[in-house]
Amino acid sequence: MSQGTDRPVDERTGVWLVGARGNVATMAIVGARAIARGRTGTTGMVTEREQVSSLDLPPVEGLVFGGHDIEPESIVAQAERQRDRNGVPDADALEAVRDDLAEIDERIEVGTAINCGAALSEESERLDEDLAIREVVEQIGDDYESFRDRHDLERLVVVNVASTEPELPDPERYDSRDALERAIDEDDRDLPASVCYAYAAIAGGHPFVNFTPSTGNALGGIREFAAENEVPHTGRDAKTGETLVKSALAPMFAGRNLHVMSWEGHNILGNADGLVLEDEANAAGKLATKGDVLESILPDIDHNRVRIDYTPSLADWKTAWDYIHFEGFLETEMKMQFTWEGSDSALAAPLVLDLVRLIAHADEHGHGGLQPQLASFFKAPLGVEEHDFSLQLNRLYDYAERYR
Ligand SMILES: O=P([O-])([O-])O[C@@H]1[C@@H](O)[C@H](O)[C@@H](O)[C@H](O)[C@@H]1O
């Protein structure tokens, strides 16, 4: 039993995935159902580590999935494509959960992609084509509610795993709840999809996770709304690969007083995210969150550059090559290089499940607003300036210690 409550976190937690038919969502659903069916383990899930697993968290087996998407290709077809192109999931795991995926696909509603730039295909269907922004937000909210009612859920966590949007120009225009609500009422068509999903979640009292660099809950107006309504929310841009290594490694250079002159990071990948990031406007937010980590840990760095390029044949296998040129005692110049080769979705998926479980826990314990204990999951953690991975992780361990 957790501290501060008499009842355990319920076993019927809903997970509403924005971008439910994408790579990351599909892998999270496949993984959760494969765990439920005893076909895979929980390696890669932080909430299964001893320090955190003692919290009273909703079991992965009980998570009920639904979501929005604008693409018609089914989750089964997406998972088959991932199996054929990437080898993840493997054929046995996919067969074990195929019927679950087909059932979940029936629960996916048409979403909005307003101001999503290159993240749109010709086949996509969109709510915002015929509706005003206020109606879009209401429709999204109704979709959340009816899913929750239909499945008799105690709680619904909304997670944005959709493709990265272009950055919102002048986000300070929506710095307060009043300004944001006025913009929604006046049908301000500059507002992006991620803000509509976040606003509808907070309005309905649903915890919100922004797994992407898109604006969403980073907007001042959403933050104020969430704090007032005491709804937990967190983000931004999950730290899954290259940036994770950087945030663990950079503190070593700082701690030994080694002067990093240049850090070049070159990422190549061939999945749909990589394709969307080919577009300069869509890539801007991702490049900023990936780059800012070093500036914060190594304020004296002379040259810090990140590139992301689309290499179609790699599919979901993301390679990052980093070159670090640094200086030590007696002005001696030295170099370090590393190469990271990761399955983009298999790295992200367990973190989606972790974040759902941990934000459900926060909600159960009445912790509204931003969630600093979740900083280690993000490249640009909202409300936390700390980027050092192990210091961020200590926040989670301290939280677990306090609430176990
Ligand atoms: O976490 P990380 O490897 O630094 O950053 C990654 C990006 O470089 C990549 O473009 C994206 O597809 C991944 O989901 C992830 O955000």
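FYI, side chains are in, hydrogens and waters are out, and symmetry mates aren't considered; it's all heavy atoms of this structure. Note that ligands are numbered from 1 as they come in the structure, with each ligand's atoms numbered from 1 the same way. In what follows, residues are counted from 1 in the order of the sequence shown.
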Quick one: look at Asn271 and ligand 1, take heavy-atom pairs under 4.0 Å, and tell me if it's side chain, backbone, both or neither. neither
Taking 4.0 Å as the limit for heavy-atom contacts, which would you say applies to Lys290 with ligand 1: side chain only, backbone only, both, or neither? side chain
So is there a nitrogen or oxygen of Leu244 less than 3.5 Å from a nitrogen or oxygen in ligand 1?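 Between Leu244 and ligand 1 (N or O atoms, distance only) the closest approach is not under 3.5 Å.
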Is there any N or O on Thr243 that sits under 3.5 Å from an N or O of ligand 1?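 Yes, since at least one N or O of Thr243 sits under 3.5 Å from an N or O of ligand 1.
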Out of Asp344, Ile308, Leu351, Leu277, whose heavy atom is nearest to atom 13 (C) of ligand 1?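 Among Asp344, Ile308, Leu351, Leu277, the closest heavy atom to atom 13 (C) of ligand 1 comes from Asp344.
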Looking at Glu172, I'd like to know if its CD atom is crowded, meaning that more than 12 non-hydrogen atoms belonging to other residues, nucleotides or ligands lie closer than 6.0 Å.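 Correct, the count exceeds 12.
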Would you say Lys379 contacts ligand 1, with heavy atoms under 4.0 Å as the rule?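 So Lys379 counts as touching ligand 1.
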Centroid separation under 6.0 Å, is that true for the rings of [Y] and [X]?
X	Y	result
Phe225	His233	no
His259	Phe326	no
Trp263	Tyr323	no

Ligand-side contact atoms (ligand 1) for residue partner Asn267, heavy atom cut-off under 4.0 Å: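 Near Asn267, meaning under 4.0 Å from one of its heavy atoms, ligand 1 has 8 (O).
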Within the 4.0 Å heavy-atom shell around Glu242, which atoms of ligand 1 are there?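 Counting atoms of ligand 1 from 1, those under 4.0 Å from Glu242 are 2 (P), 3 (O), 4 (O).
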Check this for me: does any side-chain nitrogen of one of Arg148 and Glu145 sit under 4.0 Å from a carboxylate oxygen of the other? no
Looking at atom 3 (O) of ligand 1, what's its closest protein heavy atom, distance included? Lys318 NZ, 2.6 Å
Among all protein heavy atoms in this structure, tell me which lies nearest to atom 11 (C) of ligand 1, with the distance rounded to 0.1 Å. Asp273 OD2, 3.0 Å
If we count only N and O atoms by modelled type, under 3.5 Å, do the side chains of Ser247 and Lys239 hold a donor and an acceptor together? yes
Verify side chain to side chain contact (heavy atoms under 4.5 Å, CB included) between Leu168 and Asn115, making sure each step is shown before the conclusion. CA-CA 9 Å; Leu168 174 63; Asn115 295 312; over 6 Å; no
